[in-house]
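As the structure is a prediction and not an experimental result, all values here were calculated from the model.
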Amino acid sequence: MKRRMLGSHFALMEGGQMLAWPILTIDDEGRIISVDSGGTGLRERPGLEWYGGLLIPGLIDIVGVELFDYEKRNLNAHFAGGTVALGRYGADGDPSFPLSIPGIDSDLHPVITRTRDNYSVPVFSRIKDYCLSYNQADWIGLLSLSSDKAGGLAGLKELGAIREGNKCGIINISGADLIHMKATAQMTLKWLVMP
């Protein structure tokens, strides 16, 4: 069994907790085998892939609009933007695409809730734009709402959290202000491990 070790400055854990100097060991199917902390700094390990920034699980966008266009190009845009599961209201059956989940009504933060005006914008982009507009916004809290909180509401706990045994996908966010834990206009994300 082939394994990968991913390291970074921080990882977003359940409840919005930040793990400093995380080292995630992932199997060849994308399942997390172990989550360790490197302690007070980076320690070189054979085979460690280093990604500066923040590691997060795939984001779950569970509140949708009835008129959302579920064509593959729109779903691909959400996936490229870090969304691993995309819900909608009144879903009779899921389109044959891995992002689809039945819709759920929830009490998540308004920036996370898709509307007719922003349904085509991935949840990460909505969070980023909101945090750039409102400097005091809790960027890490909003990411946590879109991962472990949304995963719990949607019954997708395996997707919503970086935890041993989960197959949540791993995303690297680079370009954030990691000293003050603030969003920046330079932030980008990249899938490291597909769910």
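How far CG of Asp177 is from CE of Met187: 10.5 Å, rounded to the nearest 0.5 Å. Within the model, atoms NZ of Lys128 and CG of Leu189 stand 8.5 Å from one another, a figure rounded to the nearest 0.5 Å.
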Candidate pair Tyr130 and Trp139, rule ring pair (Phe, Tyr, Trp, His ring centres under 6.0 Å), full reasoning: CA-CA 9 Å; Tyr130 177 81; Trp139 174 61; over 10 Å; no

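A distance-only check finds a donor-acceptor pair linking the side chain of Thr184 to the backbone of Gly175 [under 3.5 Å]. A distance-only check finds no donor-acceptor pair linking the side chain of Asp27 to the backbone of Arg3 [under 3.5 Å]. Of the possible donor and acceptor atoms, one in the side chain of Lys167 sits under 3.5 Å from a partner among the backbone N and O of Glu29. Judged by distance alone, with hydrogens and angles left aside, the side-chain atoms of Lys182 form no donor-acceptor pair with the main-chain N or O of Ala176 at under 3.5 Å. A side-chain donor-acceptor contact under 3.5 Å links Ser8 to the backbone of Gly53. Put simply, the side chain of Ser146 never gets that close to the backbone of Leu143: no donor and acceptor are under 3.5 Å apart.
Arg4 has no carboxylate O lying under 4.0 Å from a charged side-chain N of Asp28, or vice versa, which leaves the two without a salt bridge. A salt bridge does not link Glu14 to Lys149: none of the charged nitrogens lies less than 4.0 Å from a carboxylate oxygen.
No continuous path of ILVMFWY side-chain contacts below 4.5 Å connects Leu54 to Ile170, so the two sit in separate hydrophobic clusters.
Between Leu6 and Ile23, the closest side-chain pair of non-hydrogen atoms is not below 4.5 Å. Contact annotation: the side chain of Leu55 never approaches that of Leu12 to less than 4.5 Å [non-hydrogen atoms, C-beta and beyond]. Between Ile33 and Ile26, the closest side-chain pair of non-hydrogen atoms is not below 4.5 Å. Counting only heavy atoms from C-beta outward, the side chains of Asp129 and Ile127 never approach each other to under 4.5 Å.
Note: Trp50 and His9 have perpendicular aromatic rings, judged against thresholds of 30 and 60 degrees for the angle between ring planes.
Defined by atom type and a distance below 3.5 Å, a donor-acceptor pair is present between the side-chain atoms of Tyr51 and Glu49.
Among all heavy-atom pairs drawn from Leu142 and Cys131, the shortest one is CD1-SG, 3.9 Å. The nearest pair of heavy atoms linking Asn172 to Gly52 is ND2-O, 3.2 Å.
In this structure, Phe10 has its ring center no closer than 6.0 Å to that of Trp21.
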